[in-house]
Amino acid sequence: MAFTIAIDGPAAAGKGTISKAVAQHFGFAHLDTGLLYRAVGRRVLDGVPALDAARALVAADLDAGDLRTPAVAQAASKVAVIPEVRAELVDFQRAFARRQGGAVLDGRDIGTVICPEAEAKLFVTASAEVRAQRRFAELAEAGLATDYDRVLVEVKERDARDTGRADAPLRPAPDAVQIDTSELDIGAAVALAIQAVNNVR
Ligand code: C5P
């Protein structure tokens, strides 16, 4: 059986954590599609042209250890503006979505562009300040020195680029269930997400 759960939303809203927990709950495979753009952005920082990097991408690239840095996040959101780069990454995502046994994909355009026919769609948001606070805590935990104001600026820059681009901008699909995690802990957010999926199963 193929069953696709599409989970979209801005940076650090809790999509990643929710997606992993939902996939585990239903026994589905999980793809963090941001890693595709991060892997391309990572190569661009090494001087490789973005489209060449997208064409050469292989699944093993998603396991590279240094994809979570702020520099790679910014590079990712810049390559994600390029329509030809996005087009290169479509087939891999759609094949993953239709695999037997069910799949959870999280990103920015899963419910709108990659999998408009997904059986379940969620849009996970939180205020920019709450998201920056969470990202700041994550970076501090990982030992990456930074300050909150800098992180807030970067979150807002990425939001502007992700929502403002012409091709596949970040926005909720009309049929997505919206979950605002600003005032929810992880357990409560995951419970709402599982409930939303169960409502359409
Ligand atoms: O989710 P994550 O923060 O890892 O994504 C990094 C960047 O990749 C985002 O800021 C966005 O520009 C891009 N992205 C995208 N479409 C997706 C997933 C990520 O454009 N489906």
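It should be emphasised that the depicted structure is a prediction, and the values quoted were computed from it without experimental measurement.
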So does R86 pair up with D109, basic N to acidic O under 4.0 Å?
-> yes
Heavy atoms only: give me the nearest A75-G41 pair and the separation to one decimal.
-> CB-O, 3.7 Å
Donor-acceptor pair, D162 side chain versus L170 backbone, under 3.5 Å?
-> no
According to the side-chain hydrogen bond (donor to acceptor under 3.5 Å, both in side chains) rule, which pairs have a member within residues 168-181, sequence neighbours left out?
-> K121-D175, R134-T181, D180-S182
Considering all heavy atoms, the nearest A132-V155 contact = CA-CG2, 4.1 Å
Please round to the nearest 0.5 Å and tell me the distance separating atom CG of D91 and atom CD1 of I114.
-> 9.0 Å
Indicate, with yes or no, if L62 and V40 share a hydrophobic cluster defined by side-chain heavy-atom contacts under 4.5 Å among Ile, Leu, Val, Met, Phe, Trp and Tyr.
-> yes
Before giving the answer on salt bridge (Lys or Arg N to Asp or Glu O under 4.0 Å), spell out for R131 and D159 the whole-Å C-alpha distance, their side-chain angles and the decisive distance to 0.1 Å.
-> CA-CA 11 Å; R131 290 185 286 122; D159 283 357; 2.6 Å; yes
Is F3 reachable from L105 through a run of I, L, V, M, F, W or Y residues, each pair having side-chain heavy atoms under 4.5 Å apart?
-> no
Are I5 and I18 connected in the hydrophobic side-chain network, where two residues link if heavy atoms are under 4.5 Å apart?
-> yes
Between A80 and R165, the two heavy atoms sitting closest are CB-NH1, 3.5 Å
Which heavy atom in V113 sits nearest to a heavy atom in A168, and how many Å separate them?
-> CG2-CB, 3.9 Å
Hey, does D167 have a side-chain heavy atom less than 4.5 Å from the side chain of V81?
-> no
Could you give all pairs that pass the side-chain hydrogen bond (donor to acceptor under 3.5 Å, both in side chains) test and reach residues 187-201, with sequence neighbours left out?
-> none
E129 atom CD: more than 12 heavy-atom contacts under 6.0 Å | yes
Any donor-acceptor pair under 3.5 Å linking the side chain of D147 with the backbone of D149?
-> yes
Calculate, to the nearest 0.5 Å, the distance between atoms OH and CG belonging to Y148 and L139 respectively.
-> 13.0 Å
With rounding to the nearest 0.5 Å, note down the distance linking OG1 in T146 to CZ in R135.
-> 11.0 Å
Between atom OG1 of T112 and atom CD1 of I110, what is the distance when rounded to the nearest 0.5 Å?
-> 7.5 Å
Can you tell if the side chain of R108 reaches within under 4.5 Å of the side chain of K15, non-hydrogen atoms only?
-> yes
Take D66 and V72, measure what side-chain contact (heavy atoms from CB on, under 4.5 Å) needs, and give me the verdict at the end.
-> CA-CA 8 Å; D66 55 353; V72 171; 5.8 Å; no
Looking only at heavy atoms, the pair that brings A193 and V22 closest together is CB-CG2, 3.8 Å
Hydrophobic cluster identity match, L67 and L57, side-chain contacts under 4.5 Å | yes
Indicate yes or no: does E154 engage R150 in a salt bridge with an N to O separation below 4.0 Å.
-> yes
Check: I194 and F26 side chains under 4.5 Å, non-hydrogen atoms | yes
Worked verdict on R68 versus L35 for side-chain contact (heavy atoms from CB on, under 4.5 Å) = CA-CA 9 Å; R68 298 277 175 205; L35 288 178; 3.7 Å; yes
d(L152 CG, F136 CZ) to nearest 0.5 Å is 12.0 Å
Interatomic spacing from CD1 in I7 to CG in L31 - rounded to 0.5 Å = 11.5 Å
Group every Ile, Leu, Val, Met, Phe, Trp and Tyr by side-chain heavy-atom contacts under 4.5 Å, then state whether V48 and L36 land in the same group.
-> no
Please determine, by modelled atom types, if R158 and S77 share a side-chain donor-acceptor pair under 3.5 angstrom.
-> no
Minimum heavy-atom separation for H30 to S19, with atom names?
-> NE2-CB, 3.4 Å
Where do I179 and L184 land on the side-chain contact (heavy atoms from CB on, under 4.5 Å) test, with the steps shown first?
-> CA-CA 9 Å; I179 299 176; L184 297 177; 4.1 Å; yes
